[in-house]
Engineer: 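I'd like to ask some things about the structure below.
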2 protein chains.
Amino acid sequence: MAEIRQTEIARLARVSQATVSRVLNNDPQVNEELRQRVLAVVEALGYVPDARAQSLRAQRTRLLGLVVHRAPTALAHDPFFSALIASIIEQAGKQGYHLCVDAARTVKGQRAIYEELLRTRRVDGLILVESETRDERIARLTAEGFPFVLIGRYEPEDAIYTVDNDNIGAARMATEYLLQQGRRRIAYIGGPAGLTVTRDRLRGYRDALQAWGMNYDARLVAFGAFSEQGGARAMCELLSLPHAPDAVLALDDVLAIGAMREAQRHQLRIPEDIAFIGFNDTPLCSFVEPSLTSVAIDIAALARAATQRLIDLIEGRSPSPRRLIVPSRLVPRESA
Amino acid sequence: MAEIRQTEIARLARVSQATVSRVLNNDPQVNEELRQRVLAVVEALGYVPDARAQSLRAQRTRLLGLVVHRAPTALAHDPFFSALIASIIEQAGKQGYHLCVDAARTVKGQRAIYEELLRTRRVDGLILVESETRDERIARLTAEGFPFVLIGRYEPEDAIYTVDNDNIGAARMATEYLLQQGRRRIAYIGGPAGLTVTRDRLRGYRDALQAWGMNYDARLVAFGAFSEQGGARAMCELLSLPHAPDAVLALDDVLAIGAMREAQRHQLRIPEDIAFIGFNDTPLCSFVEPSLTSVAIDIAALARAATQRLIDLIEGRSPSPRRLIVPSRLVPRESA
DNA sequence: TTGTAGGCGTTATCAG
DNA sequence: CTGATAACGCCTACAA
């Protein structure tokens with residue numbers, strides 16, 4: 001089957017190629033008869049414009065980029081990203097955009113991927129997740145004026161476009177929930193220490209303690225890689241303390257589950273001896289035994305909002321305000 | 001910051017734009033001194049070629065397409081796709097390809113997406129999953145000579161390029177495992193009935209029964225949507241039989257877990273009263289209670305092989321044989 | 001209202 | 001070995 005171009009359509013409809021283009025772009029100026037002739041041929045041949053040519057000409061690809069900062073194996077075990085990707089695709093698709101997903105395993109790989117996506121103009125804009133306090137990517141993108149939206153928080157808060165949970169508030173709420181239950185030695189297990197989300201939730205945790213007039217004990221705070229193992233290792237550390245914790249707030253469900261498993265290996269009863277709360281309310285929560293209480297992040301809402309803002313930016317609109325907060329809520333189950 | 005093009009590099013290096021292009025494409029004919037001059041400027045400005053222009057010129061985008069046939073919510077709850085996507089990205093990235101993921105919720109949406117990806121030439125090739133026995137997409141792609149690889153099976157087997165598990169063999173193995181344990185009323189819960197994978201595993205199940213001289217009882221076979229609910233509903237049906245099953249082989253882990261939960265609601269003990277085996281060996285398996293015995297599909301291997309074959313096809317190589325089988329193995333846990 | 005022509009940034013073919 | 005020059009397929013002034 002021969003490749004069909006506008007010149008071919010033009011020939012068959014006995015008009016100029018420019019007219020074909022006009023018809024396809026709904027130019028109201030074209031004569032109705034010509035329009036019909038063109039459309040008939042377009043229909044008959046099933047012609048669709050070449051996205052590559054359109055991209056060059058229009059200087060945009062209608063492609064959004066998402067770069068995931070996890071090793072593929074970690075990604076596979078983390079429902080957060082499936083949910084994120086799925087919702088982005090859905091929202092983007094509604095407006096004729098597609099999603100290009102990349103993964104950056106190593107740190108140097110990250111730089112390379114961002115550099116490539118940015119400079120090659122392969123995508124029109126980027127969605128970032130997991131920002132660090134001082135994020136090179138963000139400085140770079142901002143300097144270039146490249147459209148991007150961060151799912152997360154960044155300071156100064158009005159410097160860039162962000163969509164985020166109220167992490168500080170949510171962690172505070174979860175911690176107070178534990179305090180209300182009478183827990184008095186509450187531990188916090190974060191992800192990698194440099195991540196904003198790790199720090200924000202730690203802040204909320206500390207705020208709750210302070211509000212209740214309790215001392216902050218740095219020994220009750222541990223950090224782990226985003227994996228069950230990471231959670232187990234952190235828990236192990238916490239259990240070796242002279243005075244073991246009676247509750248744990250973990251940065252995400254996978255970490256929480258890893259920690260919970262470790263506690264079970266130490267013969268602790270959940271929630272009698274120790275309570276657990278995770279984050280994300282992933283499907284895992286109801287599958288584990290005991291089921292895991294978790295803070296439900298509205299991932300779909302985050303993804304939708306981020307995607308919409310990115311498209312707005314790309315198309316020259318300026319969403320306001322710069323920072324958008326999506327609420328989250330606690331989903332109580334057996335573990336706390 | 002001004003956009004940098006080859007003409008700009010050329011001006012600064014005092015050569016023609018054509019020479020810049022040659023240097024960037026490693027044309028061995030260029031004089032070493034000019035090459036150095038050009039490279040110095042390229043380096044200094046951090047120039048990277050525009051992917052859009054390259055795409056038009058080279059008639060390829062270095063983009064692979066994956067279309068997922070699940071609603072976004074279902075996707076979010078299914079670790080199979082995270083694993084698939086992650087592994088495809090990894091393999092593709094090694095050779096300078098990127099991945100464009102799309103989702104087709106509705107059936108008419110599917111046609112449209114395939115039509116678009118194909119005709120607009122937005123991607124160089126497609127990875128298909130979940131083939132149906134008579135698959136319109138496949139006929140269409142084949143007719144167009146568009147590069148694609150199917151993860152799954154299709155008949156006739158040498159018509160297209162496929163990568164697949166040995167579904168028939170795996171289902172047979174799992175069924176025989178149950179038979180060896182003394183189970184005698186083994187049920188099968190498939191996904192949507194039209195899917196090849198549903199039928200292949202049913203075939204393996206029947207083969208095992210036959211090899212053991214047992215009758216096939218159609219009432220022991222149920223089909224469900226890919227969700228926990230789908231599994232629960234199918235199980236409900238099976239439990240209403242005059243003679244309830246003592247084992248269940250389910251098409252995937254999520255279905256198996258749904259079915260298992262339903263059995264538990266009916267006060268059945270697992271595995272004493274009824275055994276369960278799922279497919280995919282997703283992380284869920286070890287999280288549920290009791291942990292789920294599952295056939296481990298090597299998703300990463302499938303994804304890698306499919307991706308590599310697709311790239312080979314795109315670049316004009318003809319992988320052989322057309323059909324590639326990736327082995328799978330049973331991972332015994334508590335449920336069977 | 002329609003057609004002609006230029007250019008988006010590359011790569012590749014020709015001369016020189 | 002290098003520099004003009006012509007595509008790639010599309011959109012859009014500008015001209016008729």
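Just so we're on the same page: letters track the sequence lines, and every chain starts at 1.
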Engineer: Would a 4.5 Å heavy-atom cut-off, applied to side chains only, mark A/Tyr161 and A/Pro147 as touching?
Structural biologist: no
Engineer: Looking across every strand, which nucleic acid part, if any, lies under 4.0 Å from B/Arg22 by heavy atom: base, sugar-phosphate, or nothing?
Structural biologist: base
Engineer: Would you mind telling me which of D/dG3, C/dG3, D/dC1 lies closest to the side-chain atoms of B/Asn31?
Structural biologist: D/dC1
Engineer: How about CD on A/Glu32, more than 12 heavy atoms from neighbouring residues, nucleotides or ligands closer than 6.0 Å, or not?
Structural biologist: yes
Engineer: Nearest of D/dT2, D/dT5, D/dC11 to any side-chain atom of B/Val30?
Structural biologist: D/dT2
Engineer: Looking at every strand, decide which applies to B/Gln29 at a 4.0 Å heavy-atom threshold: base, sugar-phosphate, or nothing.
Structural biologist: base
Engineer: Counting only side-chain heavy atoms from C-beta out, which of D/dT2, D/dC10, D/dA6 sits nearest to A/Ala53?
Structural biologist: D/dC10
Engineer: Looking only at side-chain atoms of B/Leu34, point me to the closest of D/dT2, C/dG6, C/dT10.
Structural biologist: D/dT2
Engineer: Choose from D/dG9, D/dA4, D/dC11 the nucleotide whose nearest atom is closest to any side-chain atom of A/Ser21.
Structural biologist: D/dC11
Engineer: Output the single nucleotide from D/dG9, C/dG9, C/dT1 whose closest atom is nearest the side chain of A/Asp50.
Structural biologist: D/dG9
Engineer: Closest approach to the side chain of B/Asn25, judged atom by atom: which nucleotide of C/dT10, C/dT11, D/dG9 is it?
Structural biologist: C/dT11
Engineer: Any idea which of C/dT11, C/dA5, D/dC10 is nearest the A/Tyr47 side chain?
Structural biologist: D/dC10
Engineer: For a quick check of understanding: with a heavy-atom distance under 4.0 Å over all strands, which category does B/Gln54 fall into, base, sugar-phosphate or nothing?
Structural biologist: sugar-phosphate
Engineer: Give a yes/no answer on whether the side chain of A/Arg57 brings an N or O atom under 4.0 Å of OP1 or OP2 in D/dG9.
Structural biologist: no
Engineer: Check every atom of D/dC10, C/dT10, D/dG3 against the side chain of B/Gln17 and return the nucleotide holding the closest atom.
Structural biologist: C/dT10
Engineer: Contact class for A/Thr19 (heavy atom, under 4.0 Å): base, sugar-phosphate, or nothing?
Structural biologist: sugar-phosphate
Engineer: Can you tell me the distance, in whole Å, between the CD atom of B/Gln59 and the P atom of D/dC10?
Structural biologist: 10 Å
